Structure formats: structure tokens, C-alpha cells
Amino acid sequence: MKKKNKILSFTLLCVLSIALLAACGTAQNEEEAQQGTGGEAPAEKQTLVMGTSADYPPYEFIDTAVSDEIIGFDIDIANYIADRLGFELEVRDMDFNGLVPALTNNRVDFVLAGMTPTPERLENVDFSEIYYVAKQTIVTKEDSGITSLEDLAGKTLGVQLGSIQVGLANDIAEEIGELEIAERNRITDLIQELMTNRIDAAIIEDTVGEGHIAVNPTLTSFPIVEENEAGSAIAFPKGSELTDQFNEVLQEMFENGKMDELILKWFYPEEE
Ligand code: ARG
């Protein structure tokens, strides 16, 4: 009996230290290390660090007129899931191209950034179920005369560095011949360069493009004909135990109407 108790408490100790290790082991960085060393506050929730690229309204962006806080569809999803799983959430902004490396270096616990699972990315990270599907469009100045992919011949087409749009741009280049591809870190850079005529067009997904067009009415867009759908999923370091936990909550959100509510809130605000 005594022995059993010992084994039990040893097991408990292991479980506790694993939990502690997991808490400190996730997203190691200077701040976290400082916070994590106390170990004296068992009541405090563990913090999950989320990586994102806050240049992608309505998924994640900063509405500078309101505050410097990152808001959006992905942020609401992350908050809901973190809350359901009993974690605090810290959102960290970085260039889109740095998100997969941040996962592989364990600098973040997960990435929510409208990211599409691709075979290349799947070599380095794991993905949740797809939570939203979008289409790709060409955004251009209204007076650019570009109304079809063929019109892009001889022009400069912008895409976000490290995004699936780079692959799409390469496909288009192959199809139409001469096309210069300009890769930029931020969608906002692409919009700025469109407005100042440094690039002629950019591939941006539908709702994200529409958001920018709403504030820059000299811009317009048309869909890329071959219905290129790009689903978004949550990315995790390979083998992370969070993947299953997040999938369960995603499932719950699909079933209890929370996902629909958030899609309406962020993608169709006027219909709310
Ligand atoms: N869905 C595209 C991809 O995965 C673009 C995502 C860009 N996201 C962002 N937050 N800038 O490559």
C-alpha cells in the first residue's frame, strides 16, 4: 500500500513537472523565462504565445484610429480557444515570412495568420483543420487598364513574401510570359506601392483586398478565374499536443455557431 502511494506521488510529481516543463518550455524567450521562473503562483494560468502577421484585415490588423491593439477574426478565434483550454493568450506580431521559423524554433506556440496548409509548410509544421476558405484576387488601380490576367504581361505583380501567392504569381508568369514579380514583407507595403504606381497589381485574397479597397477607393479587384481557393488553418510546431486540443475546440465552434458568428462579424459586418 505504502509503495503504491509512493508510486502514485511519484507519478503525480512527474505529471506536475511535465506540466511545469510544458508551461516553461513553450515559446521560450526572455520575457517568458522571467515570468516562468517564479513557479510560486500555481493559480496563474499558463500563457500561450501566438505568432501572427498583423497586416491582414479582417484576419489580424491594427485599427490605428482606435488603438494599437491587434484585432480581427483570427484573434477572436485564438481568444475563444485559449479561454476554452484555460490558457492566457499573448499575441506577437512579426513578418509573415518569419512565422514558420518562429514555430520551428519554438518561439511561438501556434500561428494564426490566415495561413494555408501547403505541402512545403507541412514538412516543417503541423496544421489544424481548415477553419475558413477564401479566394484570390488581383488588386490594381482602377485606371491601370488591367482587367484580366493577360493584361499583366510586361507588368509588375506584387505578392507577400513567403505566402502562397508567390506560387500563384509564378504560375501566372509561366502562363503569360513576361511578368515581374515583386515580393514584399507586408500587405500594407503592397497597397502603398500600388497607390504610388511602383507596382501595377498585387495578388491578395478577396476579403483582405476588399478591406483595403474600401479605404483606397482608387483601387479595384477582380477574381483570379481558376477559382483558387485557399483555406486557412492554425499552425503548430511539429508534434505539438496543442493540435488535437485546438481541433476539438474548432469542432465545437463549428457546431455551436461560434465560427459562423465570427465569420459574420468580420467578413460580413454590414449584414450583422
Ligand atoms: N493564405 C496565404 C498563405 O498562407 C496568405 C496569408 C497571409 N497572412 C497574413 N497574415 N499576412 O500564404
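Counting convention: from 1, in listed order, for ligands and their atoms alike. Keep in mind it's a predicted model, so treat the numbers as computed, not measured.
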- Are side-chain N/O atoms of Gln160 and Asp55 paired as donor and acceptor at under 3.5 Å? yes
- Residues Arg198, Gln192; criterion side chain to side chain contact (heavy atoms under 4.5 Å, CB included); working and verdict: CA-CA 9 Å; Arg198 270 175 288 158; Gln192 184 116 36; 4.2 Å; yes
Please tabulate, one line per pair, the protein nitrogen or oxygen atoms found under 3.5 angstrom from a nitrogen or oxygen of ligand 1, with distances to 0.1 Å, or say none if there are no such pairs.
residue, atom, partner, partner atom, Å
ligand 1, 1 (N), Gly114, O, 2.9
ligand 1, 1 (N), Thr116, OG1, 2.9
ligand 1, 4 (O), Thr116, N, 2.8
ligand 1, 4 (O), Thr116, OG1, 3.3
ligand 1, 4 (O), Arg121, NH1, 2.8
ligand 1, 8 (N), Ala113, O, 2.8
ligand 1, 10 (N), Ser53, O, 3.1
ligand 1, 10 (N), Glu60, OE2, 3.1
ligand 1, 10 (N), Ala113, O, 3.3
ligand 1, 11 (N), Asp55, OD1, 2.8
ligand 1, 11 (N), Gln160, OE1, 2.8
ligand 1, 12 (O), Arg121, NH1, 3.4
ligand 1, 12 (O), Arg121, NH2, 2.9
ligand 1, 12 (O), Ile164, N, 2.7

- Note on the structure: On a heavy-atom basis, the closest approach of Leu112 and Ala78 is CD1-CB, 3.7 Å
- Given a cutoff of under 4.5 Å between side-chain heavy atoms of I, L, V, M, F, W and Y, with clusters grown through shared members, what are the other residues clustered with Val66? none
- What are the two closest heavy atoms between Thr137 and Ile204, and how far apart are they? OG1-O, 2.7 Å
- What pair of heavy atoms forms the shortest contact from Ile176 to Ala153, and how long is it? CD1-N, 3.5 Å
